[in-house]
Engineer: 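Dumping the structure here so I can ask a few things about it.
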2 protein chains.
Amino acid sequence: MGKGYGDCSLEVTRACPIEMTLHIIGGKWKGIIIDILSEKSVRFNELKRLIPGITQRMLTLQLRELETDGIVKRKVEDTVPPKVEYSLTDQGENLSRILESMRVWGNKYYK
Amino acid sequence: MGKGYGDCSLEVTRACPIEMTLHIIGGKWKGIIIDILSEKSVRFNELKRLIPGITQRMLTLQLRELETDGIVKRKVEDTVPPKVEYSLTDQGENLSRILESMRVWGNKYYK
DNA sequence: CTGCATCCTCGCCGATACTG
DNA sequence: CAGTATCGGCGAGGATGCAG
């Protein structure tokens, strides 16, 4: 008895944890976002500065998805100007270790 | 002195091993393909049978990409009818361990 | 500073038919 | 059995502008 893909029947993508995990970190900018947040909490604009090339729109969208998936926490200080700090949840921390192993693999892969 | 995303300058996607690894396993069917091949070598049609919903076109394309990226080996027996066996390279085997950790994480995540 | 609303492009992927 | 060829939809993501 293996992992039973035959049992996934119809919706393979939904049914299998691997596909689900891939979907969660699969967004174009999610890898780098999680990786940065694994080091420290970061504010929105600082995050934008740390990720050259990302647009405000995409940063917002990807953060919202990560928040919905329970990977990222959002802490709002209701001041003027507003101040929003993003950080990883516990699940996000665990996920970041997988990304770390991907970095190790990628570095070896690239010789 | 962290991991230095600030040093990625222009093309973040190309420069960072995490993004590269994500790109390699990011195809819609690559996760399940690698996962199946981590158990045993499989022929083309058997693979197609094991992945409900995939088309011949996509199976071919994804296998070609995985082959190009050095994840999958292709062994052709030049007989009639033809017989093609797919298996993982050593790099593919290492990569499959990361997928395994993603399965573990995904299962916990889903409770 | 931190967002949301629109519009538009581009390439991944699906459906289908054909081949050695 | 193991592919290739062609057509087309659809959605992720980019550019830009406005708002609290």
Engineer: What's the CD-P distance between B:E65 and D:dG3, to the nearest Å?
Structural biologist: 15 Å

Engineer: What is the distance, rounded to the nearest whole Å, between atom CZ of B:R74 and atom P of D:dC1?
Structural biologist: 16 Å

Engineer: Measure from CE on A:M58 to P on D:dT16 and round the result to the nearest Å.
Structural biologist: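 Taking atom P of D:dT16 as the reference, CE of A:M58 is at 16 Å.
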
Engineer: Measure from the side chain of A:W29, starting at C-beta and using heavy atoms only, and say which of C:dC4, D:dG3, D:dG14 lies closest.
Structural biologist: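 Nearest nucleotide to the side chain: D:dG14.
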
Engineer: Got a second to check how far B:L66's CG is from B:R74's CZ, nearest 0.5 Å?
Structural biologist: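 One gets 13.0 Å once the value is rounded to the nearest 0.5 Å.
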
Engineer: For A:E85, answer base if it contacts any base atom (sugar-phosphate contacts may also be present), sugar-phosphate if it contacts only those atoms, and nothing otherwise; contact means non-hydrogen atoms under 4.0 Å.
Structural biologist: nothing

Engineer: Below 4.0 angstrom from OP1 or OP2 of D:dC1, is there any side-chain N or O of B:Q56?
Structural biologist: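 False: B:Q56 side-chain N/O out of range (4.0 Å or more) of D:dC1 OP1/OP2.
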
Engineer: Can you see if the side chain of A:Y86 gets near the phosphate of C:dG3 - specifically, an N or O under 4.0 Å from OP1 or OP2?
Structural biologist: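 For C:dG3, OP1/OP2 do have a side-chain N/O of A:Y86 under 4.0 Å.
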
Engineer: Taking atom C1' of D:dC1 as reference, at what distance in whole Å does atom CG of B:L47 sit?
Structural biologist: 14 Å

Engineer: Counting only side-chain heavy atoms from C-beta out, which of C:dT2, C:dG14, D:dG13 sits nearest to A:K28?
Structural biologist: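 Minimum distance to the A:K28 side chain belongs to D:dG13.
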
Engineer: For A:R57, which contact category applies under a 4.0 Å heavy-atom criterion: base, sugar-phosphate, or nothing?
Structural biologist: base

Engineer: Give A:T60 one of three labels, base, sugar-phosphate or nothing, depending on what nucleic acid heavy atoms sit under 4.0 Å from its own.
Structural biologist: sugar-phosphate

Engineer: Pick the nucleotide of DNA chain D nearest each of A:P82 and A:G26; which residue has the one closer to the 5' end?
Structural biologist: A:G26

Engineer: Heavy atoms under 4.0 Å, any strand shown: does A:K48 hit a base, just sugar-phosphate, or nothing?
Structural biologist: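 No contact at all - A:K48 keeps every heavy atom at 4.0 Å or more from the nucleic acid.
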
